[in-house]
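Below is one structure, written out as structure tokens, with a few remarks after it.
First listed ligand is number 1; within each ligand, the first listed atom is number 1.
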Amino acid sequence: MHQDGLHVEGVALADVAARFGTPCYVYSRAALTAAYAAYRDALQAHGLADRSLICYAVKANSNLAILNVFARLGAGFDIVSGGELARVLAAGGAADKIVFSGVGKSRAEMRAALEAGIHCFNVESASELDQLSEVAGAVGRRAPVSLRVNPDVDAKTHPYISTGLKTAKFGVAFGDAFELYRRAAALPHIAVKGIDCHIGSQLLDPAPAAEAADKVLALVDRLAAAGIALEHIDLGGGMGIQYHADEPAPAASDYLAPMLEKLAARREKLVFEPGRSLVGNAGLLLTRVEVLKSGAEKHFAVVDAAMNDLMRPALYDAWHDIVRVGACPPAKRNPGQTESDTATGTAAGTPMSYEIVGPVCESGDFLGHDRQLALKEGDLLAILSAGAYGMSMASNYNTRPRAAEVMIDGDAVHLIRRREEIPQLFALESLLP
Ligand code: LLP
């Protein structure tokens with residue numbers, strides 16, 4: 001995200017906090033648009049844009065306004081549940097640009113997707129293929145299918161988000177795929193359309209994805225020789241982003257080039273499923289320092305966001321840069337006030353190493369370790385690169401209402417999700433009679 005510690009696009013973060021409170025997710029429409037354009041331009045550079053479908057992976061951030069921004073840009077969507085299907089349709093996404101991934105689709109989800117008329121099911125097992133054929137028969141349709149193959153390639157990322165090794169639950173074992181395609185081609189209610197592969201997330205080295213593509217293309221050719229011609233190749237998502245100021249991520253064009261070079265001379269249509277790379281750097285989590293306290297060994301800044309709002313640090317030990325939102329825009333400054341006086345009404349504290357933690361009752365509830373910051377109680381902090389897998393993984397743990405979400409578009413501020421209210425959190429529960 002382009003932000004200078006003060007603004008997202010034309011809007012001061014201090015103003016966002018004053019209007020909508022904290023914790024609050026803040027997204028930049030311009031950054032979403034730029035990330036999508038970078039992906040599309042990389043395809044264009046290899047002459048592939050016209051036969052490619054960029055299916056945004058909804059799980060990364062499923063807010064309707066974000067889905068709608070991508071739908072308006074012409075994107076398709078990669079979904080993993082009936083809930084995500086409903087969201088995409090509610091956001092104006094085109095059903096025939098949806099691919100449906102996931103190892104455990106229910107029959108109800110299959111039916112809903114068939115009735116909506118999605119582009120393709122990414123099938124991950126022989127049993128799923130049989131179940132899908134049965135459901136398709138019952139609703140009188142043929143289900144468009146890709147097999148998700150597991151190429152046994154090490155994505156060299158965090159083990160929890162590495163999906164392409166043969167020990168993973170994902171996909172059809174590479175050695176079984178050819179036979180399963182033959183079976184699929186013979187099923188009356190299945191239309192074999194493509195092949196799919198996704199080896200993991202937050203990949204910074206392009207080599208594993210290129211290696212997986214090689215394996216997939218060899219299988220496509222072998223299938224063609226056996227009379228099973230595929231219309232499209234889906235190479236999944238996974239491109240990593242920059243989380244740390246000192247650890248840059250490759251540009252989309254550089255990351256994708258080794259893979260795209262292999263595809264340029266072919267005839268199949270292409271599908272991609274990027275999630276994080278389209279939204280991650282387009283969002284931040286705005287939070288306020290509630291309490292500063294010093295333990296026997298460490299200094300703590302207790303903020304009003306917690307692991308329930310942003311789970312990535314607790315779950316993956318993930319790093320997000322954290323900056324102090326130190327100043328109001330000059331126009332809002334009273335005469336005589338200095339920049340560092342304005343945001344919080346107090347000057348910055350003394351720089352020291354802080355543990356940035358939330359109010360949740362777990363030692364795993366941290367947002368950043370050992371952050372060198374000059375803080376006062378009441379300060380606003382921005383937790384950067386939180387647009388992907390932030391709000392979409394948020395929970396109500398400790399009966400904490402989920403944060404508000406705001407989209408900045410130039411000078412305009414749009415509330416795209418109201419902060420939850422406490423009565424809503426137990427509205428579905430009942431007392432015993
Ligand atoms: N396609 C499939 C089948 C996937 O499973 C995923 C992500 C994607 C596409 C999108 O991958 P991306 O482009 O975002 O890397 N919660 C974790 C990430 C989990 C990724 C799950 N699958 C995190 O916060 O790092």
[X] heavy atoms, cut-off 4.0 Å: which ligand 1 atoms fall inside?
X: G238; value: 11 (O), 12 (P), 13 (O), 15 (O)
X: D78; value: 1 (N), 2 (C), 9 (C)
X: I161; value: 17 (C), 18 (C), 19 (C), 25 (O)
X: R276; value: 12 (P), 13 (O), 14 (O), 18 (C), 23 (C), 25 (O)

Does NZ or CZ of K105 come closer than 6.0 Å to the centre of the six-membered ring of F100, within 45° of the ring's axis?
yes
Quick one: is the NZ or CZ of R222 closer than 6.0 Å to the six-membered ring centre of F178, and within 45° of its axis?
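So R222 does make the cation-pi contact.
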Does the ring centre of H119 sit less than 6.0 Å away from the ring centre of H232?
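Between H119 and H232, which both carry aromatic rings, the centre distance is below 6.0 Å.
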Can you tell me which residue and heavy atom of the protein come closest to [atom], and the distance to 0.1 Å?
atom: atom 24 (O) of ligand 1; value: R312 NE, 2.6 Å
atom: atom 20 (C) of ligand 1; value: Y389 OH, 3.6 Å
atom: atom 17 (C) of ligand 1; value: Y316 OH, 3.0 Å
atom: atom 8 (C) of ligand 1; value: H198 CE1, 3.4 Å
atom: atom 15 (O) of ligand 1; value: S201 OG, 2.4 Å
atom: atom 4 (C) of ligand 1; value: K59 NZ, 3.1 Å

Without hydrogens or angle criteria, can the side chains of N308 and S395 be said to hold a donor-acceptor pair below 3.5 Å?
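Looking only at side-chain atoms, S395 and N308 do not form any donor-acceptor pair under 3.5 Å.
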Just checking, is any N or O donor in the side chain of N396 or R400 under 3.5 Å from an acceptor N or O on the other one?
no
Looking at every heavy atom in both L204 and A249, which two are closest together, and how far apart are they?
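It is CD2-CB, 3.7 Å.
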Scan for ring-ring contact (aromatic ring centres under 6.0 Å, His included) pairs involving residues 181-225, sequence neighbours excluded, and state none if there are none.
none
Just how far is it from atom CG of L381 to atom CZ of R288, taken to the nearest 0.5 Å?
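Separation between the atoms: 10.0 Å.
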For ligand 1, which is the ligand I care about here, please tell me if [X] has any N or O atom under 3.5 Å from one of the ligand's N or O atoms.
X: G275; result: yes
X: R148; result: no
X: S101; result: no

P274: heavy atom below 4.0 Å from ligand 1, yes or no?
yes
With a 4.0 Å cut-off on heavy atoms, is H158 in contact with ligand 1?
no
Electrostatic pair E231-K269, nearest N-O below 4.0 angstrom
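No salt bridge links E231 with K269.
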Can you say whether the rings of H158 and Y316 are parallel (under 30°), tilted (30 to 60°) or perpendicular (over 60°)?
perpendicular
Between E273 and ligand 1, which residue portion shows a heavy-atom distance shorter than 4.0 Å: side chain, backbone, both, or neither?
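The answer is both, backbone and side chain.
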